[in-house]
Every structure is written in structure tokens, then in C-alpha cells.
Asks: 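To start, I am sharing the structure in question, which I have written as C-alpha cells.
Keep in mind that what you see is a predicted model, and the values were worked out from it rather than measured.
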Amino acid sequence: MKSVPDMSEEGLVRGLGFAHVCGVDEAGRGPLAGPVVAAAVELPEGYELPGLTDSKQLTARRRDAFFELLMGDEAVHKCVARAEVEEIDRLNILRATHLAMRRAVEGLRPAPGFCLIDGLPVPGFPLPSRALVKGDARCLSIAAASVLAKVTRDRIMQQLHLEYPQYGWLRNAGYGTRAHLQAIAQYGITPHHRRSFAPVAQAELPLDFSGCAE
């Protein structure tokens with residue numbers, strides 16, 4: 001039976017005296033192209049949004065619906081941030097992901113006092129935090145953050161698809177599908193590809209992509 005995220009973890013932290021507790025999650029660590037996006041979300045006490053869960057367990061239509069509900073609710077405090085491809089290549093994907101998370105948390109207002117982070121601990125995180133493995137399926141604020149990060153990143157890739165349609169980013173969101181790898185072999189790489197990732201680094205085609213988007 002699948003777990004249903006709730007606000008138990010947030011309640012435990014608030015019981016320790018932290019008034020503002022946020023959930024943090026990211027989207028886009030694995031793709032070959034595009035930024036990594038993170039979101040920080042603080043939900044009001046007693047918040048309910050039936051059906052909200054880990055974004056990977058939702059259809060695109062359901063994710064979009066929850067995204068609009070969360071973004072349109074002034075009682076939900078949220079911030080979405082990103083680390084660009086250049087930062088991913090310079091820092092490595094793990095550090096760039098942590099950078100995006102820090103940016104999201106630092107942009108949240110009111111400022112959180114404690115962060116619940118999906119996955120493993122983040123070294124040097126600027127605020128008190130607790131890492132929760134599979135937190136997006138357990139903790140409602142992390143589930144909300146997972147939806148905001150995922151939908152935001154998908155929409156970024158949809159816009160980039162208009163510029164570079166042959167890579168199929170509308171469908172694959174930059175992940176290394178067979179069609180995407182075949183397009184890299186045929187057309188080379190774009191400024192939005194992560195050159196530090198092996199399949200991209202191994203592409204021996206020109207970086208100049210001028211004229212190929214026609």
C-alpha cells in the first residue's frame with residue numbers, strides 16, 4: 001500500500017519551537033540537458049490538499065493542477081530556484097543541486113527556521129535541516145515542493161523545445177532517451193546540454209548548432 005504524505009514531520013519540528021518549517025525538493029538531476037530546479041514550500045498548519053503526493057506518482061495533468069493550486073494559494077509560502085547548466089558543469093550535479101536548494105530556501109519569505117529535505121543530508125546547508133529518504137511520499141510540504149520543482153522544470157524544457165525541437169525535450173524533458181541520444185549523434189550538442197555528463201562529453205560533433213533548428 002502506498003504511503004500518503006501528511007504533516008507529521010512538520011508538526012514534530014514545530015513542536016521543537018520552529019515556527020516556520022519548509023519542505024525542499026528538486027527536479028532534474030539526471031537529464032543530459034537543462035537546469036536543475038529546486039523548490040522550498042511552507043504549508044500552513046492543518047493544510048490539506050487531497051491527492052497531493054510525490055510528483056513522480058502523478059500524471060502530468062494532475063501535477064499541473066496541483067501546481068496551479070499551490071501557486072495560487074497565498075497561504076502557501078513558496079520559492080522556486082535553479083542552477084544553470086554552466087554551474088552544473090563547473091560544480092558537478094550534486095553540488096549544483098544543493099546550490100539550487102539553498103537558493104530556494106534563501107528566497108522563501110518568511111524565512112524558514114527549519115528545512116525538511118528530500119533524500120540524503122546536504123552538507124553545509126545554511127539552516128537547521130533533516131533529510132528524509134523518500135520524503136516526497138511521506139511529508140506533505142516536500143511533496144508540494146516536488147510538484148513545483150517538477151512542473152517548473154518541465155515548462156522550462158518545453159520552452160527550450162521550441163528552439164531545439166529535434167531533441168524531443170517536449171517528451172523527454174532532457175533525459176537520455178534513445179531518441180535524445182540519437183539526436184545528439186546526428187545534430188551535436190546545444191548550449192543547454194550538460195557537457196560534463198558522459199553521453200554529452202563523448203559526442204564528437206561541433207558545438208555550433210546554428211541553422212539546425214529549422
Asks: If you define the side chain from C-beta out and look only at heavy atoms, does anything of Arg178 sit under 4.5 Å from Leu181?
Replies: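 Answer no - side chains too far apart.
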Asks: Taking side-chain contact (heavy atoms from CB on, under 4.5 Å) as the definition, give me every residue that meets it alongside Arg155, ordered by chain and number, with sequence neighbours left out.
Replies: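 By the side-chain contact (heavy atoms from CB on, under 4.5 Å) rule, Arg155 matches Asp64, Phe67, Glu68, Val151, Gln158.
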Asks: Mind checking the NE2-SG spacing from His20 to Cys115? Nearest 0.5 Å is all I need.
Replies: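 So the NE2 of His20 and the SG of Cys115 are separated by 12.5 Å.
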Asks: Under the rule for side-chain contact (heavy atoms from CB on, under 4.5 Å), what residues qualify as partners of Ser8, not counting sequence neighbours?
Replies: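 side-chain contact (heavy atoms from CB on, under 4.5 Å) list for Ser8, sorted by chain: Asp6.
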Asks: May I ask whether Leu140 and Ile142 are part of the same hydrophobic cluster, defined by side-chain heavy atoms of I, L, V, M, F, W, Y residues being less than 4.5 angstrom apart, directly or through others?
Replies: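 They do not share one cluster, since no chain of ILVMFWY contacts under 4.5 Å joins Leu140 to Ile142.
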Asks: Between the main-chain N or O of Gly168 and the side-chain N or O of Asn172, is there a donor-acceptor pair closer than 3.5 Å?
Replies: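 Confirmed, Asn172 side chain pairs with Gly168 backbone.
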Asks: Can you find a pair of side-chain heavy atoms, one from Ile117 and one from Ser129, that are under 4.5 Å apart?
Replies: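 Yes, close enough: below the 4.5 Å cut-off.
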Asks: Does the pair Val147 and Lys150 meet the rule for a side-chain contact (heavy atoms from CB on, under 4.5 Å), with working shown?
Replies: CA-CA 5 Å; Val147 167; Lys150 170 65 173 169; 5.9 Å; no
Asks: Treat each ILVMFWY residue as a node, draw an edge where side-chain heavy atoms are under 4.5 Å apart, and state whether Val76 and Val21 are in one component.
Replies: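 Val76 and Val21: separate clusters.
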Asks: Keeping the roles fixed (side chain from Asp118, backbone from Asp25), state whether a donor-acceptor pair exists under 3.5 Å.
Replies: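 No; zero donor-acceptor contacts below 3.5 Å.
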Asks: State yes or no: do Met7 and Leu148 share one hydrophobic cluster built from I, L, V, M, F, W and Y residues joined by side-chain heavy-atom distances below 4.5 Å, directly or via other members?
Replies: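 Per the 4.5 Å side-chain linkage, Met7 and Leu148 are co-clustered.
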Asks: Rounded at 0.5 Å granularity, tell me how far SG in Cys22 sits from CZ in Phe114.
Replies: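 Reported to 0.5 Å precision, the distance equals 10.0 Å.
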Asks: Say whether Glu10 and Ser141, considering side chains only, have a donor N or O and an acceptor N or O under 3.5 Å apart.
Replies: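 Checked: Glu10/Ser141 side chains pair up, N/O donor to acceptor below 3.5 Å.
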Asks: With a 4.5 Å cut-off on side-chain heavy atoms, are Met101 and Glu26 touching?
Replies: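 Yes - at least one pair of side-chain heavy atoms lies under 4.5 Å apart.
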Asks: Provide the closest heavy-atom pair for Ser146 versus Ser55 in the form atom of the first, atom of the second, distance.
Replies: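 The pair with the smallest heavy-atom distance is OG-N, 3.1 Å.
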Asks: Answer yes if the ring centres of Tyr175 and His180 are under 6.0 angstrom apart, and no otherwise.
Replies: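 Here the rings of His180 and Tyr175 have centres that are no less than 6.0 Å from each other.
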Asks: On a heavy-atom basis, which atom in Gly23 and which in Ala145 lie closest, and how many Å separate them?
Replies: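 Closest approach of Gly23 to Ala145, heavy atoms only: O-CB, 3.6 Å.
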Asks: What's the spacing between Thr97 OG1 and Ile88 CD1 if we round to 0.5 Å?
Replies: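 Thr97 atom OG1 to Ile88 atom CD1 measures 7.0 Å (nearest 0.5 Å).
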Asks: Would you find a donor on one side and an acceptor on the other, under 3.5 Å apart, between the side chain of Arg61 and the backbone of Leu58?
Replies: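 Side chain of Arg61 to backbone of Leu58, a donor-acceptor pair under 3.5 Å: no, none is there.
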Asks: Pair Leu49, Leu69 - check side-chain contact (heavy atoms from CB on, under 4.5 Å), show working.
Replies: CA-CA 9 Å; Leu49 188 54; Leu69 288 170; 3.9 Å; yes
Asks: Is there side-chain contact between Tyr164 and Pro191, with heavy atoms separated by less than 4.5 Å?
Replies: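 Yes. Closest side-chain heavy atoms under 4.5 Å.
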Asks: Which atom names give the shortest non-hydrogen contact between Ala96 and Ala83, and what distance separates them?
Replies: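 Looking at all heavy atoms of both residues, the shortest contact is O-CB, 3.4 Å.
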Asks: Going from OG1 on Thr152 to CZ on Arg82, what distance comes out if it is rounded to the nearest 0.5 angstrom?
Replies: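 Spacing of OG1 (Thr152) from CZ (Arg82) equals 9.5 Å.
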Asks: A side-chain contact here means heavy atoms from C-beta on lying under 4.5 Å apart; do Ile156 and Pro35 qualify?
Replies: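 Yes, their side chains come closer than 4.5 Å.
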Asks: side-chain contact (heavy atoms from CB on, under 4.5 Å) between His98 and Phe125: does it pass, once the steps are laid out?
Replies: CA-CA 8 Å; His98 293 170; Phe125 203 70; over 6 Å; no
Asks: Under a 4.5 Å cut-off applied to non-hydrogen side-chain atoms, are Val85 and His193 in contact?
Replies: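 No; the side chains remain at least 4.5 Å from each other.
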Asks: Among the clusters formed by ILVMFWY side chains lying less than 4.5 Å apart, do Val80 and Leu160 turn up in the same one?
Replies: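 Same cluster: Val80 reaches Leu160 through Ile, Leu, Val, Met, Phe, Trp or Tyr contacts under 4.5 Å.
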Asks: When you check the gap from the basic side-chain N to the acidic O, do Lys78 and Glu42 get nearer than 4.0 Å?
Replies: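 No, no charged N to carboxylate O under 4.0 Å.
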Asks: Check the orientation of Tyr167 and Trp169. Use parallel for under 30°, tilted for 30 to 60°, and perpendicular for over 60°.
Replies: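 Ring orientation of Tyr167 relative to Trp169: parallel.
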Asks: Might you point out which heavy atoms bring Pro112 and Leu127 nearest each other, and give the distance in Å?
Replies: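 Closest approach of Pro112 to Leu127: O-CD1, 3.6 Å.
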Asks: Using 0.5 Å steps for rounding, measure from the CZ atom of Arg130 to the SG atom of Cys139.
Replies: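 Those atoms lie 9.5 Å apart.
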Asks: Evaluate the side-chain proximity of Val41 to His77: yes if any heavy-atom separation is below 4.5 Å, no if none is.
Replies: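 The answer is no, as the side chains (C-beta and beyond) never meet within the 4.5 Å cut-off.
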Asks: Give the intermediate values and the outcome of salt bridge (Lys or Arg N to Asp or Glu O under 4.0 Å) for residues Lys56 and Asp136.
Replies: CA-CA 9 Å; Lys56 296 184 292 297; Asp136 47 9; 3.1 Å; yes
Asks: With heavy-atom distances below 4.5 Å as the criterion, would you say the side chains of His192 and Glu163 are in contact?
Replies: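 When only atoms from C-beta onward are counted, Glu163 and His192 do touch, with a gap below 4.5 Å.
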Asks: Once salt bridge (Lys or Arg N to Asp or Glu O under 4.0 Å) is applied, do any residues pair with Asp89, and if so which ones, sequence neighbours excluded?
Replies: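 For Asp89, no residue satisfies salt bridge (Lys or Arg N to Asp or Glu O under 4.0 Å) once neighbours in sequence are set aside.
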Asks: Could you report the tightest heavy-atom contact between Pro128 and Gly113, atom names first, then the distance?
Replies: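 Looking at all heavy atoms of both residues, the shortest contact is CD-O, 3.4 Å.
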Asks: From Leu94 CG over to Leu99 CG, what is the distance, rounded to the nearest 0.5 angstrom?
Replies: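 Rounded to the nearest 0.5 Å, the CG-CG separation comes to 11.5 Å.
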Asks: What's the shortest heavy-atom distance between Ala100 and Ala81, and which atoms?
Replies: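 Taking every non-hydrogen atom into account, O-CB, 3.7 Å.
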Asks: For a salt bridge (Lys or Arg N to Asp or Glu O under 4.0 Å) check, start with the C-alpha distance between Glu87 and Arg103, then their side-chain angles and the critical distance, and finish with the verdict.
Replies: CA-CA 13 Å; Glu87 293 172 314; Arg103 286 171 173 166; 2.7 Å; yes
Asks: Apply side-chain contact (heavy atoms from CB on, under 4.5 Å) to the pair Gln57 and Arg63, showing each step before the final yes or no.
Replies: CA-CA 9 Å; Gln57 303 300 322; Arg63 283 195 300 267; over 6 Å; no
Asks: Going only through I, L, V, M, F, W and Y residues with side-chain contacts under 4.5 Å, is there a path from Val13 to Val105?
Replies: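 Each belongs to a different hydrophobic cluster.
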Asks: Cation-pi check, Arg194 to Phe197: give yes when NZ or CZ is under 6.0 Å from the six-membered ring centre and within 45° of the ring axis, no otherwise.
Replies: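 Output yes; distance and angle both within limits.
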